Protein chains: 2
Amino acid sequence: MENIATIFSQLEPALLEEITANGVIKTIPAGEILMRTGQFIKSTMLVLEGSIKVFRENEDGGEFLMYYLQPGEACALSIICAAKSEASQIMAKTVEETTVLMVPLGMIDKWMLEYKSWYHFVLSTYRNRFDELLNLIDQVAFRNMDERLDFYLKRHAKINNTNTIALSHQQIAEELNSSREVISRLLKKMEQRNMVILHRNAIELI
Amino acid sequence: MENIATIFSQLEPALLEEITANGVIKTIPAGEILMRTGQFIKSTMLVLEGSIKVFRENEDGGEFLMYYLQPGEACALSIICAAKSEASQIMAKTVEETTVLMVPLGMIDKWMLEYKSWYHFVLSTYRNRFDELLNLIDQVAFRNMDERLDFYLKRHAKINNTNTIALSHQQIAEELNSSREVISRLLKKMEQRNMVILHRNAIELI
DNA sequence: TTTTATTTGTAACTCAAGTCACCAATCCCC
DNA sequence: GGGGATTGGTGACTTGAGTTACAAATAAAA
């Protein structure tokens with residue numbers, strides 16, 4: 001794992017020291033649920049390594065994808081909920097082994113006043129999540145499933161920095177709140193158009 | 001119009017004085033566009049009276065509703081964009097004659113450090129908008145049009161504190177990104193189930 | 001009072017996408 | 001290697017909702 005100062009290079013040195021002093025580094029195995037619908041949140045997390053999936057669970061247990069948290073990012077919701085100690089609407093879980101830095105909620109308010117770089121970091125966290133949600137609304141409100149699938153695959157490839165998506169059709173269907181058959185059909189069409197090559201548990205982008 | 005101190009009673013007196021000193025009160029006629037997609041934002045707004053519709057415009061000019069800003073609320077986006085001076089993804093316009101207090105963006109950052117009540121106000125503005133977007137995603141991703149229509153009518157009634165919605169089917173269709181015929185059909189069904197009474201340009205909730 | 005524009009009602013059609021049913025291929029583990 | 005589990009392919013059917021087309025009702029304007 002890289003150094004905290006490298007991952008959060010935009011934060012000023014004095015703040016990084018405080019973060020190191022007050023935060024607890026925790027490594028979480030893949031697939032662990034970090035936040036459950038309706039759960040009370042008592043600390044925020046900065047992602048150091050790995051990746052966290054933020055999603056909404058529907059009635060059938062499908063995990064409708066909202067966005068991913070990557071190293072160098074923080075959970076906007078935990079910061080927001082902090083202020084109100086209100087129930088969160090969404091869930092979060094690790095997709096791979098993930099190292100996070102847990103920061104007590106009290107520190108967040110304190111640092112906002114003391115460190116300009118923290119203030120800007122928190123605001124930009126909000127803004128990025130806000131944008132991400134606007135984008136998601138765009139997708140579900142205006143796009144058809146074929147466009148959404150295409151967008152999903154490309155984003156997934158970009159985030160993981162590879163052009164092979166190692167997911168089953170079922171998993172993709174759940175993240176897009178669709179059904180396996182629909183995704184299989186659309187992927188077949190994409191293959192016929194030479195946009196992808198299909199393998200078992202893997203989709204290769206061309 | 002009520003007093004600023006009454007509308008924003010959660011803000012501390014010293015801050016209210018500063019707001020009055022630095023802000024400009026502006027009354028805007030109904031239907032005026034306050035923020036256009038891609039436009040640069042140079043000041044934030046606190047709503048004193050009236051109401052502002054925040055929406056996304058689709059290709060055909062339909063105004064897909066995101067949420068309404070009411071007296072006592074502020075535009076979260078303008079605050080977010082402020083920090084980054086980035087283009088906004090969405091549009092805003094007055095639905096009726098609206099009085100706002102324009103505050104230069106520079107003040108926002110300044111007050112965050114100086115006034116705890118401002119800090120909490122801004123954060124709660126973010127959180128409320130975030131919640132609103134999550135709710136919207138819920139609607140478009142998981143609900144059918146009949147449920148969305150029902151939800152829409154009830155919310156509209158609640159906001160305007162009346163059980164008569166003074167809108168044409170066409171207007172409703174645009175805000176839900178649907179078509180007039182679909183809304184007419186669904187409303188007819190609701191009337192048959194004794195959920196509403198239909199009038200010209202008005203829908204009465206029972 | 002005509003004329004015109006707006007609003008609403010409805011039937012018929014189309015299409016995207018979800019569901020059902022079933023099968024084949026592949027993997028995994030005992 | 002055999003048997004169950006997971007994954008993927010495909011046809012047939014259903015449904016929600018958008019589209020086309022047209023008519024009736026009402027309001028607004030001339």
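In what follows, chains carry the letters A, B, and so on, assigned in the order in which the sequence lines appear, proteins first and then strands, with residues in each chain numbered from 1. Hydrogens, waters and symmetry mates are skipped; everything else that's a heavy atom, side chains included, is used. Quantities reported herein were computed from a predicted structural model and do not represent experimental measurements.
- A salt bridge is defined here as a Lys NZ or Arg NE, NH1 or NH2 lying under 4.0 Å from an Asp or Glu carboxylate O, and B/Glu174 with B/Arg180 fails to meet this definition.
- What you find for B/Ala92 and B/Ile52 is that their closest heavy atoms are CB-CG2, 4.0 Å.
- Atom CG of A/Leu205 is separated from atom OG1 of A/Thr162 by 8.5 Å, given to the nearest 0.5 angstrom.
- Contact of the A/Arg155 side chain with the A/Lys158 side chain is not registered, since no non-hydrogen atoms from C-beta on lie closer than 4.5 Å.
- Ring-plane geometry between B/Tyr115 and B/Trp111 is classed as perpendicular, the angle between the planes exceeding 60 degrees on a 0 to 90 degree scale with a lower cut at 30.
- Less than 4.0 Å separates DNA chain C from at least one heavy atom of each of the following residues of residues 191-206 of chain B: B/Leu198, B/His199, B/Arg200, B/Asn201.
- One interatomic measurement links the two molecules: CZ of A/Arg180 to P of D/dG9, which rounds to 8 Å at whole-angstrom precision.
- For A/Lys188 and D/dG9, the NZ to P distance is 4 Å, given to the nearest whole Å.
- Side-chain N/O atoms of B/Tyr67 and B/Asn128 include no donor and acceptor closer than 3.5 Å.
- One side chain, A/Glu204 or A/His199, offers a donor N or O that lies under 3.5 Å from an acceptor on the other.
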**Q.** Nucleotide-resolved protein contact map, nucleotides 11-20 of chain D, B/S/- at heavy-atom distance under 4.0 Å
**A.** -B----SBBB
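- Ring geometry, B/Tyr126 versus A/Tyr126: the interplanar angle falls from 30° to 60°, so the pair is classed tilted.
- The nucleotide range of DNA chain C contacted by chain B, defined by atoms under 4.0 angstrom from heavy atoms of the protein and reported 5' to 3', is C/dT6 to C/dA12.
- Between A/Arg143 and A/Asp138, at least one side-chain N (NZ, or NE/NH1/NH2) sits under 4.0 Å from a carboxylate O, which counts as a salt bridge.
- Salt bridge annotation for A/Glu63-A/Lys93: present, with a cationic side-chain nitrogen under 4.0 angstrom from a carboxylate oxygen.
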